[in-house]
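As structure tokens, the structure follows; a few thoughts come after it.
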Amino acid sequence: MSEQTIGARKATNDSPEGGHTVTLTRNALIVDGMKTLGELGTHHICNVCISYGGSCCRGCPHLADGLGCGQRNTSCTAWLCGFLKYYLYEIGVLDEWQSFWEQIPGQDYREDFTPERVDVNLAMPRTNVRHERLGLALAADLRQIEQSHVAIGFILTLREKLDKTMDQLMHCGTDRKRRIRLQRKIKMMTADFRSFHQSLDSYRSNSIIER
Ligand code: SF4
Ligand code: SF4
């Protein structure tokens, strides 16, 4: 489990260069956000979730049969479910992701009122070629867990529990004891993510060696 303090650390990316403000179009925000999620490998997790009926687009009027979303917006791009909050947290990019999107005005439910041009001074999280493998590992664990449980939708219940606990963790501020309690709880909830933990250990060891 990562020891970073959620919400307390500002993104430290040097892009936009030197912390200067850059102006991005609303469309660029959406495209960059989707690209970053793709490079982080979150689509592998989504594919498993969707295959067991957990799509967060379910019931949305903008979802066109066979075509996907017909109205991409900043709100849905920025939004994270329990799996993705947990995943981004463990791979160490949740703070940057949250900080980046906190700069973007006009986010709403399944639509946005984001202006056509927005000034930003914090960057999207950096991705690297090893991230995708982590997404694949978590997706494999989720599939295996769902298949090994008699209760249909077991992983979707887990997703909601993770979501609630991750929210508590993200808002526990400087309460160290509470943070440790919540981290332990998350560790127990995710004890069966064996491939993911294995990949994460190796990812973290390699990251230390490369520093
Ligand atoms: S709920 Fe989460 S994992 Fe499932 S499809 Fe939506 S973003 Fe992906
Ligand atoms: S607007 Fe959001 S919830 Fe609706 S289909 Fe698009 S991405 Fe999914």
Side-chain angles (χ1 to χ4, degrees), residues 6 25-91 93-98 100-101 104-116 124-125 127 131-147 149 151-170 186 189-190 192-193 195-197 199-200:
I6 290 201
T25 64
R26 173 183 170 275
N27 190 51
L29 291 166
I30 297 167
V31 171
D32 285 359
M34 298 296 292
K35 181 171 173 282
T36 300
L37 288 174
E39 288 169 358
L40 291 173
T42 59
H43 52 293
H44 299 298
I45 300 162
C46 290
N47 288 345
V48 177
C49 175
I50 292 166
S51 73
Y52 290 108
S55 172
C56 48
C57 296
R58 202 165 162 180
C60 178
H62 305 309
L63 188 64
D65 237 9
L67 295 171
C69 177
Q71 197 162 310
R72 286 263 168 232
N73 55 72
T74 57
S75 323
C76 295
T77 309
W79 183 82
L80 302 172
C81 69
F83 287 150
L84 298 197
K85 279 177 195 156
Y86 166 76
Y87 177 64
L88 265 55
Y89 172 59
E90 289 289 27
I91 68 173
V93 301
L94 181 60
D95 271 353
E96 282 93 338
W97 182 263
Q98 296 288 84
F100 179 83
W101 288 104
I104 312 305
Q107 293 180 50
D108 210 313
Y109 179 63
R110 292 182 168 174
E111 63 179 338
D112 73 54
F113 302 95
T114 301
E116 278 313 312
M124 286 270 181
T127 59
H131 278 141
E132 188 166 6
R133 222 175 302 157
L134 294 166
L136 275 167
L138 182 52
D141 284 333
L142 290 174
R143 191 178 296 283
Q144 200 277 326
I145 291 166
E146 179 66 30
Q147 286 169 353
H149 280 84
I152 295 167
F154 181 88
I155 59 165
L156 305 183
T157 308
L158 176 62
R159 181 188 69 191
E160 296 314 305
K161 287 182 183 166
L162 264 178
D163 190 46
K164 189 174 162 204
T165 316
M166 281 303 305
D167 277 345
Q168 291 171 336
L169 182 63
M170 290 158 77
I186 291 169
M189 288 164 78
T190 60
D192 288 337
F193 293 176
S195 305
F196 178 59
H197 289 309
S199 303
L200 197 57

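Indexing begins at 1, ligand by ligand and atom by atom, following the structure's order. Note that the coordinates shown come from a computational prediction; the quantities given were computed from them, not determined experimentally.
- Between the Asp95 side chain and the Val93 main chain, no donor and acceptor come within less than 3.5 Å of each other.
- The shortest heavy-atom distance from Arg159 to ligand 1 is under 4.0 Å.
- Close approach of ligand 1 to Cys46 (heavy-atom distance below 4.0 Å) involves ligand atoms 3 (S), 5 (S), 7 (S), 8 (Fe).
- Of the residues Leu138, Leu88, Leu142, Thr42, the one that meets the side chain to side chain contact (heavy atoms under 4.5 Å, CB included) test with Phe83 is Leu142.
- Side-chain polar atoms of His44 and Glu132 form a donor-acceptor pair below 3.5 angstrom.
- In this comparison of Arg110, Arg58, Glu111, the heavy atom closest to atom 3 (S) of ligand 2 sits on Arg110.
- Phe196 and Tyr87 have tilted rings, their planes meeting at an angle from 30° to 60° on a 0 to 90° scale.
- Using a 4.0 Å cut-off to heavy atoms of Gly54, the atoms of ligand 1 that qualify are 1 (S), 4 (Fe).
- When non-hydrogen atoms are compared, ligand 1 lies under 4.0 Å from the side chain of Leu84 (C-beta onward) but not from its backbone.
- Here the heavy atom of the protein found nearest to atom 1 (S) of ligand 2 is Asn73 ND2, 3.5 Å.
- One option in Ser75, Gly70, Cys69 has a heavy atom closer to atom 6 (Fe) of ligand 2 than any other, and that option is Cys69.
- For the side chain to side chain donor-acceptor pair (under 3.5 Å) with Arg26, the lone residue among Thr114, Asp112, Thr74 that qualifies is Asp112.
- Contact annotation: for Cys76 versus ligand 2, heavy atoms closer than 4.0 Å belong to the side chain alone.
- Of the heavy atoms in Arg72, only side-chain atoms (C-beta onward) come closer than 4.0 Å to ligand 2.
- Looking from atom 4 (Fe) of ligand 2 to the surrounding protein, the closest heavy atom is Cys60 SG, 2.3 Å.
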Practice task
Determine, stepwise, if the pair Gln107 / Ser75 fulfils side chain to side chain donor-acceptor pair (under 3.5 Å).
Solution key: CA-CA 5 Å; Gln107 293 180 50; Ser75 323; 5.2 Å; no

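- From the protein, the heavy atom lying nearest to atom 2 (Fe) of ligand 1 is Cys81 SG, 2.3 Å.
- Listed for the Trp97 side chain is a donor-acceptor partner under 3.5 Å among the backbone atoms of Ala78.
- Contacts between Leu80 and ligand 1 below 4.0 angstrom, taking non-hydrogen atoms only, are absent altogether.
- Between Pro105 and Pro115, some side-chain heavy-atom pair lies under the 4.5 Å cut-off.
- With respect to atom 8 (Fe) of ligand 2, the closest heavy atom belonging to the protein is Cys57 SG, 2.3 Å.
- In this structure, Lys164 does not pair ionically with Glu160, as no charged nitrogen and carboxylate oxygen lie closer than 4.0 Å.
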